[in-house]
Amino acid sequence: EYRLTKQGRPSFVNVMRGINLLNKHGVEWNAMAVVNDFNGDYPLDFYHFFKDINCKYIQFTPIVERIRRHEDGRILASPDEESIDGVTDFSVSPEQWGNFLCTIFDEWVRNDVGEYYIQLFDATLANWAGVTPGICSMAETCGHAGVMEFNGDVYSCDHFVFPEYKLGNIYTQSLIEMMNSPRQIAFGQNKRNALPQQCKECDFLFACHGECPKNRFVKTATGEPGLNYLCAGYHRFFKHAAPYMDFMKHELDNQRPPANVMQWVKQNTPDK
């Protein structure tokens with residue numbers, strides 16, 4: 001729908017050619033699947049597509065971007081800037097995101113635990129069990145996932161490739177120096193320190209830690225800035241998944257596989 005080549009042509013055929021080659025040779029691969037305003041309305045179709053092409057590791061990533069036109073030609077707003085036009089048309093809405101996660105989770109928790117690995121579900125279970133998740137957006141702090149551009153410029157995060165978050169250049173500074181600088185450490189700690197009161201008082205703070213700071217551009221019910229744009233969607237998902245997460249945590253605590261949840265669901269779901 002949106003990921004086009006330089007010539008404006010769809011890239012799907014080329015991507016599938018690469019995937020088929022990996023599958024042919026038995027190479028495991030991970031898909032970063034962007035959820036936008038279009039496919040956000042078709043969660044099961046999207047999920048089934050990846051299952052059909054034998055993708056065992058799926059990272060569903062919500063696309064949230066805002067517009068602000070700059071003199072240098074840049075049109076995306078940085079996390080610290082106000083957006084004149086709000087979110088882009090292709091951004092997923094909080095309501096879509098919550099429904100997307102709940103719908104896929106319902107199928108996964110009944111049929112696919114231990115066979116298909118959904119990064120967000122795995123990270124949620126990790127937080128439920130008190131273990132550091134494998135994704136920075138759901139962790140208490142961040143700052144270890146910098147990015148280097150083609151010209152050697154290094155930025156604090158791949159979601160923060162904006163002038164104010166440039167750490168330096170690999171030609172003049174080492175990665176160790178830049179990633180361990182006081183500025184970058186403060187960037188990572190700010191994920192926790194800048195949370196609004198509404199987040200601090202939320203029952204599910206432990207599960208999302210405010211998610212990615214890039215998306216914290218709306219105000220709370222009391223007018224405090226710093227609330228995550230997708231908060232309502234995440235809250236709906238965590239509330240929906242809580243009984244299943246509680247069960248899987250209990251299984252882990254007793255050194256049993258979380259996949260037992262599938263049998264538990266069958267035993268506790270009345271026949272229709």
Does atom CZ of F49 have more than 12 heavy-atom neighbours from other groups under 6.0 Å away? yes

Exceeds 12 heavy-atom contacts within 6.0 angstrom, atom CD of E28: no

Got a second to check how far L120's CG is from I135's CD1, nearest 0.5 Å? 7.0 Å

Test your reading of the model: is there a side-chain donor-acceptor pair from D153 to the backbone of K166, 3.5 Å cut-off? no

According to a 4.5 Å side-chain heavy-atom criterion applied to Ile, Leu, Val, Met, Phe, Trp and Tyr, with indirect links allowed, do L252 and F247 form part of one hydrophobic cluster? yes

ring-ring contact (aromatic ring centres under 6.0 Å, His included) between F105 and Y244: does it pass, once the steps are laid out? CA-CA 10 Å; F105 181 82; Y244 309 98; 5.6 Å; yes

Compute the ring centroids of Y234 and F204, then answer whether they are less than 6.0 Å apart. no

Heavy atoms of F60 and W97 approach each other most closely as O-CH2, 3.8 Å

Indicate the atoms forming the closest heavy-atom contact of T220 with Q198, along with that distance. CB-OE1, 3.1 Å

For residues E107 and H48, determine if any side-chain heavy atom of one lies less than 4.5 Å from a side-chain heavy atom of the other. yes

Angle class for the Y117/Y57 ring planes (parallel below 30°, perpendicular above 60°, tilted otherwise)? parallel

State whether the side chain of N228 and the backbone N or O of G210 hold a donor-acceptor pair below 3.5 Å, judged by distance alone. yes

Does Q119 reach the side chain of N30, with side-chain heavy atoms less than 4.5 Å apart? no

Could you work out, with side-chain hydrogen bond (donor to acceptor under 3.5 Å, both in side chains) as the rule, every residue matching D246, not counting sequence neighbours? W128

Can you confirm whether L76 sits close enough to I67 that some side-chain heavy atom of one is under 4.5 Å from a side-chain heavy atom of the other? yes

Please tell me if the side chains of L230 and V92 come closer than 4.5 Å, counting only heavy atoms from C-beta onward. yes

Decide side-chain contact (heavy atoms from CB on, under 4.5 Å) for E65 and K214; before the verdict, give the C-alpha distance in whole Å, the side-chain angles of both, and the deciding distance to 0.1 Å. CA-CA 9 Å; E65 296 289 357; K214 178 187 83 75; 4.3 Å; yes

State whether a side-chain donor-acceptor pair under 3.5 Å links D37 with Y2. yes

Taking the side chain as everything from C-beta on, heavy atoms only, tell me whether E224 gets closer than 4.5 Å to K219. no

How long is the gap from CD1 on I170 to CD on E149, to the nearest 0.5 Å? 13.0 Å

L195 vs R216, test: side-chain contact (heavy atoms from CB on, under 4.5 Å). Steps then yes/no. CA-CA 9 Å; L195 284 170; R216 297 182 189 174; 3.7 Å; yes

Given the rule that I, L, V, M, F, W and Y join up when any side-chain heavy atoms are under 4.5 Å apart, are F237 and V265 in one cluster? yes

Under the criterion side-chain contact (heavy atoms from CB on, under 4.5 Å), I'd like the reasoning laid out for Q173 against L167: C-alpha separation, chi angles, the key distance, then a yes or no. CA-CA 9 Å; Q173 295 172 273; L167 297 174; over 6 Å; no

Test your reading of the model: is there a side-chain donor-acceptor pair from D45 to the backbone of N39, 3.5 Å cut-off? no

Strictly distance-based, threshold 3.5 Å: is any side-chain N or O of R236 a donor or acceptor partner for the main-chain N or O of A232? no

Answer yes or no: does atom NZ of K24 have more than 12 heavy-atom neighbours from other residues, nucleotides or ligands under 6.0 Å? no

Which heavy atom of P257 sits nearest a heavy atom of E251, and at what distance? O-CB, 3.9 Å

Any side-chain to backbone donor/acceptor pair from T61 onto M32? Under 3.5 Å, distance only. no

So, using side-chain contact (heavy atoms from CB on, under 4.5 Å) as the criterion, who are the partners of R66 when residues are at least two apart? A77, S83, V87, F217

How many angstroms lie between atom SG of C231 and atom CG of N215, to the nearest 0.5 angstrom? 11.5 Å

Do Q197 and T222 touch side chain to side chain, with heavy atoms closer than 4.5 Å? no

Report, as yes or no, whether the 6.0 Å neighbourhood of atom NE2 on H250 holds more than 12 heavy atoms from other residues, nucleotides or ligands. no

Could you go step by step and tell me if Q96 and D41 meet the side chain to side chain donor-acceptor pair (under 3.5 Å) rule? CA-CA 7 Å; Q96 276 183 309; D41 286 335; 2.9 Å; yes

Are any of the side-chain nitrogens in E115 or K56 under 4.0 Å away from the carboxylate oxygens of its partner? yes

Hey, mind stepping through V261 and M245 against side-chain contact (heavy atoms from CB on, under 4.5 Å) and telling me if it holds? CA-CA 9 Å; V261 70; M245 291 294 169; over 6 Å; no

Taking C-beta and beyond as the side chain, do C142 and H159 meet within less than 4.5 Å on heavy atoms? no

What's the spacing between L4 CG and K6 NZ if we round to 0.5 Å? 14.0 Å

Out of curiosity, I58 CD1 to D112 CG, how far, rounded to the nearest 0.5 Å? 8.5 Å

Of all the heavy-atom pairs spanning P133 and M138, show the shortest one and how long it is. CG-O, 3.6 Å

Are F12 and I19 joined in one hydrophobic group, where the rule is that I, L, V, M, F, W and Y side chains link up if heavy atoms are under 4.5 Å apart? yes

Rounded to the nearest 0.5 angstrom, the SG-CG distance for C202 and L227 is 9.5 Å

Strictly by ring pair (Phe, Tyr, Trp, His ring centres under 6.0 Å), give each pair with a member in residues 168-202 just once, sequence neighbours left out. F160-F187, Y165-F187

With clusters defined by side-chain heavy atoms of hydrophobic residues (ILVMFWY) lying less than 4.5 Å apart, directly or transitively, does L22 cluster with M16? yes

Just wondering, more than 12 heavy atoms not from D89 lying within 6.0 Å of its CG? no

Taking every non-hydrogen atom, the tightest pair across F90 and N36: O-CB, 3.2 Å

Taking every non-hydrogen atom, the tightest pair across T88 and S91: OG1-OG, 2.8 Å

Would you find a donor on one side and an acceptor on the other, under 3.5 Å apart, between the side chain of N169 and the backbone of N151? yes

Just checking Q255: does its CD atom have more than 12 heavy atoms from other residues, nucleotides or ligands closer to it than 6.0 angstrom? no

Would you check if the side chain of K191 reaches a backbone N or O of G143 as a donor-acceptor pair within less than 3.5 Å? no

For residues V15 and F46: do they belong to one hydrophobic cluster (side chain heavy atoms under 4.5 Å, members Ile, Leu, Val, Met, Phe, Trp, Tyr)? yes

Got a donor-acceptor contact below 3.5 angstrom from the R68 side chain to the E82 backbone? yes

With a 4.5 Å heavy-atom cut-off, do D203 and H235 have their side chains touching? no

Are N14 and R17 close enough, and set up right, to give a side chain to side chain donor-acceptor pair (under 3.5 Å), and what steps lead you there? CA-CA 5 Å; N14 290 335; R17 185 181 298 118; 2.8 Å; yes

Evaluate the side chain to side chain donor-acceptor pair (under 3.5 Å) criterion for residues S156 and Q184: first the C-alpha distance (whole Å), next the side-chain angles of each, then the deciding distance (0.1 Å), finally the verdict. CA-CA 6 Å; S156 291; Q184 181 65 3; 2.8 Å; yes

Can you tell me how the ring of W108 sits relative to the ring of F121, calling it parallel under 30°, perpendicular over 60° and tilted otherwise? tilted

